[in-house]
Amino acid sequence: MSSDVKGQAPTTYSEFDPHDLEYQRYTKKIRLVDGARIALTGLALLCALTILGTSADTLAVYNETHLSSDFHLPLWPDKFDIRPTIALVVGSSIVVIASIASLISSKVKMLRNRTSVHASVSLTAPFIGFTAVMISMIFFYAVNASISDDTLQSWTCQWGYASMSAKPHFGTLCNESQTALYLSVILVPVELIVLTVAGYQSILERKSVGAMPTRKSGSPVPSS
């Protein structure tokens, strides 16, 4: 009888589904992709804040120094179009709001645990940001291509060499306008990449649900 007891195999419990390893692989991928999405969203936020700051400052200086045609030697021409700069301000503002919303939904535990809300914001925010920056860029180049009316960038860069001891400092305004424009160009692919990464993350999360392990209640099998 003792030999029967010694030869008996130990009782085992099957706690996890065979898909456990697959689920762990998906979880690891999701963490990596989510980290990349958050980092790129932060980059987009920094770019948008810089665009907003430089464009808004250019507009503020223009409003402070713009004089009507009744004054002699005006600093700004009569035919002047500030809409391209306004488009950059509006587009960057939308990107800032969308990026902040995306980061909040990713960092606030209460929102992140609500999978539907987190997934929706993660996809919607970069889509809105990409659409806003694309529209602002298209509008900027469409209006800036005019040969009859000057814009803030064309006028300030035309007179950027002029040394001025008071506002408007055309050289500074030219640099600010160019910085806002170049960052807007960079922001287009950044937002597109964020949108692509968010879409890939959404696919991984859906697949991980199907691979999620299920606990099984095992019971020892008596030996015969």
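In what follows, every heavy atom counts, from backbone to side chain, and hydrogens, waters and symmetry copies are set aside. All residue numbers refer to positions in the sequence shown, counting from 1.
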Partner residues of L59 under the side chain to side chain contact (heavy atoms under 4.5 Å, CB included) criterion, sequence neighbours left out
I82, T85, I86, V89, L152

A44: what forms a side chain to side chain contact (heavy atoms under 4.5 Å, CB included) with it, not counting sequence neighbours?
S99, L187, V190, E191

With sequence neighbours left out, write down each residue that passes salt bridge (Lys or Arg N to Asp or Glu O under 4.0 Å) with D34, or none if nothing qualifies.
R37, R112

Identify, with sequence neighbours excluded, every residue that meets salt bridge (Lys or Arg N to Asp or Glu O under 4.0 Å) alongside R83.
D81

Using the side-chain hydrogen bond (donor to acceptor under 3.5 Å, both in side chains) criterion, which residues pair with S93? Sequence neighbours excluded.
none

Report the residues that fulfil side-chain hydrogen bond (donor to acceptor under 3.5 Å, both in side chains) with T58, sequence neighbours left out, ordered by chain and then residue number.
E176

Do any pairs count as a salt bridge (Lys or Arg N to Asp or Glu O under 4.0 Å) and have a residue in residues 95-109, sequence neighbours left out, and if so which ones?
none

Which residue pairs satisfy the side chain to side chain donor-acceptor pair (under 3.5 Å) criterion with at least one member in residues 48-57, sequence neighbours excluded?
none

Just distance, no hydrogens or angles: give the donor-acceptor pairs under 3.5 Å from side chains in residues 128-138, sequence neighbours left out.
from, atom 1, to, atom 2, distance (Å)
T131, OG1, F127, O, 2.8
S136, OG, A132, O, 3.3
S136, OG, V133, O, 2.8

Which heavy atom of [X] sits nearest to which heavy atom of [Y], and what is that distance?
{"X": "L195", "Y": "L123", "result": "CD1-O, 3.6 Å"}
{"X": "H118", "Y": "S122", "result": "O-OG, 2.7 Å"}
{"X": "I38", "Y": "S106", "result": "CD1-CB, 3.9 Å"}
{"X": "R114", "Y": "M110", "result": "CG-O, 3.4 Å"}
{"X": "A87", "Y": "F139", "result": "CB-CD2, 3.6 Å"}

Report whether V188 and Y141 are members of the same hydrophobic cluster (ILVMFWY, side-chain heavy atoms less than 4.5 Å apart, transitive linking).
yes

In the single-linkage hydrophobic clustering (I, L, V, M, F, W, Y; side-chain heavy atoms under 4.5 Å), do L46 and L40 co-cluster?
no

In Å and rounded to the nearest 0.5 Å, what is the CD1 to CD1 distance from I203 to I30?
11.5 Å

Here the gap from F140 atom CZ to T151 atom OG1, rounded to the nearest 0.5 Å, amounts to 6.0 Å

Other than I97, which residues form its hydrophobic cluster under the rule that side-chain heavy atoms must be closer than 4.5 Å?
none

Grouping ILVMFWY residues whenever side-chain heavy atoms fall under 4.5 Å, the cluster of V121 otherwise contains V117

Could you check whether T27 and R31, counting side-chain N and O atoms only, form a donor-acceptor pair closer than 3.5 Å?
no

Would you mind writing out the side-chain donor-acceptor pairs for residues 177-185 within the sub-3.5 Å range, not counting sequence neighbours?
from, atom 1, to, atom 2, distance (Å)
S177, OG, L173, O, 2.9
T179, OG1, N175, O, 2.8
S184, OG, A180, O, 2.7

